Amino acid sequence: MNYLAHAYLSFHDPAITVGQMIADFVKGKQIYSYDERIQQGIRLHRALDEFTDGHPATRQAKAVFQPDCGPYGPVFMDVVYDHFLANDPEHFSLPSLASFSASTYNILAAHQEQLPPDFQRFFAYMRSENWLYNYHKRDAIFQSFSGIVRRAKYFSKPATVPFGVFETHYETLALCYRQFFPDALDYMKSRYEGDLP
């Protein structure tokens, strides 16, 4: 899953949100430098990633990207899931998405000193360009794909290739999301240690 889903599946818990958002920037024993609640967020992020990768709907979605994107298909699919979550009326309206995005940025900013240096730089772009809110737009998905392509060492195709897959198979990918996300929500609720909203 990508950043919007990890934030949303933190259930408005600030420490869990921080842990989920920084997890990819915390390596090995670095996890023990954080307080227990943030550690739990990091572990929840990793558990969600594992659950996502093993879900049948995700495997189907990856297969859609695989012919054109090879092993990078799952990376693009993570962003696609955020797009469908941002547009899911069961979870967000545009005003509530805007409010949730701002709240998430404020949580991270309040924990600025605890954020890994690489994530601090990453977060500056995320906030200034309002990634979480803009995931609802298709052109923002293209921009996200372009960023992935720029950073990818072994993906030589332009961003128009994965974006073309996204556009061509939009309804199939939306169906994969609808099959997947309720299961992800139930899974994370079962693992979350706290009061659910």
Side-chain angles (χ1 to χ4, degrees), residues 1-10 17-27 30 41-42 45-46 48-50 52-53 58 61-88 92 94 97-98 100-109 111-112 115-170 172-174 176-177 180-181 184:
M1 300 297 286
N2 210 49
Y3 289 100
L4 178 62
H6 279 294
Y8 186 68
L9 295 174
S10 298
T17 299
V18 171
Q20 284 237 54
M21 297 296 275
I22 68 172
D24 287 338
F25 296 79
V26 178
K27 308 301 181 186
Q30 291 175 352
I42 294 169
H45 174 115
R46 294 170 179 171
L48 179 57
D49 281 355
E50 186 174 344
T52 302
D53 289 344
T58 303
K62 289 177 183 177
V64 171
F65 277 96
Q66 200 281 330
D68 292 302
C69 302
Y72 280 87
V75 183
F76 297 117
M77 191 58 218
D78 284 347
V79 177
V80 169
Y81 272 158
D82 267 10
H83 171 73
F84 291 120
L85 174 58
N87 287 286
D88 188 338
F92 289 115
L94 286 184
L97 177 62
F100 177 80
S101 300
S103 174
T104 301
Y105 302 143
N106 289 339
I107 288 170
L108 293 170
H111 292 80
Q112 186 80 22
L115 304 178
D118 286 347
F119 182 82
Q120 290 185 24
R121 291 186 286 273
F122 186 81
F123 172 54
Y125 288 109
M126 177 188 291
R127 189 178 196 180
S128 66
E129 298 175 8
N130 203 2
W131 289 1
L132 299 182
Y133 176 74
N134 285 326
Y135 280 130
H136 80 276
K137 303 175 184 177
R138 293 196 191 198
D139 61 344
I141 300 307
F142 179 76
Q143 294 303 319
S144 293
F145 283 5
S146 297
I148 291 168
V149 169
R150 280 195 305 272
R151 295 187 298 271
K153 292 182 179 179
Y154 304 108
F155 190 82
S156 58
K157 299 177 181 179
T160 51
V161 172
F163 190 74
V165 175
F166 168 64
E167 292 273 72
T168 301
H169 300 280
Y170 191 89
T172 298
L173 295 171
C176 291
Y177 163 81
F180 164 77
F181 197 76

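Residue numbers count from 1 along this sequence. Model, not experiment: these values are computed from the prediction.
- Atoms OG1 and CZ, on Thr52 and Phe180 in that order, are 3.5 Å from each other to the nearest 0.5 Å.
- Considering all non-hydrogen atoms of both residues, Met77 and Ala61 come closest at SD-CB, 3.3 Å.
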Problem set entry | Tyr81 vs Leu173, side chain to side chain contact (heavy atoms under 4.5 Å, CB included): CA-CA, chis, key distance, verdict | CA-CA 8 Å; Tyr81 272 158; Leu173 295 171; over 6 Å; no
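- Minimum heavy-atom separation, Pro71 to Pro74: O-CD, 3.2 Å.
- Partners of Glu167 according to the side-chain hydrogen bond (donor to acceptor under 3.5 Å, both in side chains) rule, which considers only residues two or more places apart in sequence or in another chain, are Arg138.
- When all heavy atoms of Gly19 and Ile42 are compared, the pair lying nearest together is O-CG1, 3.4 Å.
- Taking the six-membered ring wherever Trp is involved, the centroid distance between the rings of Phe181 and Phe84 does not fall below 6.0 Å.
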Exercise. Is there a side chain to side chain contact (heavy atoms under 4.5 Å, CB included) between Tyr177 and Asp88 once you walk through the steps?
Worked result: CA-CA 10 Å; Tyr177 163 81; Asp88 188 338; 2.6 Å; yes
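- With a 4.5 Å cut-off on side-chain heavy atoms, Tyr8 and Thr104 do not count as touching.
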For this session: Go through His45 and Asp49 one step at a time and tell me if the side chain to side chain contact (heavy atoms under 4.5 Å, CB included) criterion holds.
Result: CA-CA 6 Å; His45 174 115; Asp49 281 355; 3.1 Å; yes
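- Partners of Tyr105 by ring pair (Phe, Tyr, Trp, His ring centres under 6.0 Å), not counting sequence neighbours: none found.
- Taken to the nearest 0.5 Å, the OG atom of Ser144 stands 10.0 Å off from the CG atom of Asp139.
- Glu129 pairs by the salt bridge (Lys or Arg N to Asp or Glu O under 4.0 Å) definition with nothing, not counting sequence neighbours.
- In this structure, the ring pair (Phe, Tyr, Trp, His ring centres under 6.0 Å) partners of Phe145, at least two apart in sequence or on a different chain, are Phe76.
- Residues satisfying the side chain to side chain contact (heavy atoms under 4.5 Å, CB included) criterion with Thr160, sequence neighbours excluded, are Phe142, Pro158.
- Remark: Pro116 pairs with Ile22, Phe25, Val26, Tyr34, Phe119 by the side chain to side chain contact (heavy atoms under 4.5 Å, CB included) rule, at least two apart or across chains.
- Remark: Lys137 pairs with Asn134 by the side-chain hydrogen bond (donor to acceptor under 3.5 Å, both in side chains) rule, at least two apart or across chains.
- By the salt bridge (Lys or Arg N to Asp or Glu O under 4.0 Å) test, Arg121 pairs with Asp118, sequence neighbours left out.
- Residues that satisfy the salt bridge (Lys or Arg N to Asp or Glu O under 4.0 Å) test with Asp53, not counting sequence neighbours, are Lys62.
- The closest donor-acceptor contact from the side chain of Tyr72 to the backbone of Tyr154 lies under 3.5 Å.
- Donor-acceptor pairing under 3.5 Å is lacking for the side chains of Asn2 and His83.
- Applying the side-chain hydrogen bond (donor to acceptor under 3.5 Å, both in side chains) test to Asp68 and every residue at least two apart in sequence or in another chain returns nothing.
- A pairwise comparison of heavy atoms in Tyr125 and Trp131 identifies O-NE1, 3.7 Å as the closest pair.
- Looking at residues two or more places apart in sequence or on another chain, you find no ring pair (Phe, Tyr, Trp, His ring centres under 6.0 Å) involving Phe123.
- Checking Tyr133, Tyr3, Phe92 one by one against Phe100, the ring pair (Phe, Tyr, Trp, His ring centres under 6.0 Å) holds for a single residue, Phe92.
- Minimum heavy-atom separation, Ala7 to Thr17: O-OG1, 4.4 Å.
- Listed for the Gln120 side chain is a donor-acceptor partner under 3.5 Å among the backbone atoms of Gln112.
- Inter-residue side-chain proximity for His111 and Ile107 is flagged as met; some heavy-atom pair is nearer than 4.5 Å.
- With values rounded to the nearest 0.5 angstrom, Asp82 atom CG is found 13.5 Å from His136 atom NE2.
- Under a 3.5 Å cut-off, the side chain of Asn106 and the backbone N or O of Ala102 do form a donor-acceptor pair.
- Between the CG atom in Leu115 and the CZ atom in Phe122 there is a gap of 12.0 Å [rounded to 0.5 Å].
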For this session: Determine, stepwise, if the pair Val149 / Val161 fulfils side chain to side chain contact (heavy atoms under 4.5 Å, CB included).
Result: CA-CA 10 Å; Val149 169; Val161 172; over 6 Å; no
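- Scored by the side-chain hydrogen bond (donor to acceptor under 3.5 Å, both in side chains) test, Ser10 finds Gln20 as partners (sequence neighbours excluded).
- Heavy-atom minimum distance, Ala5 versus Leu85: CA-CD2, 3.6 Å.
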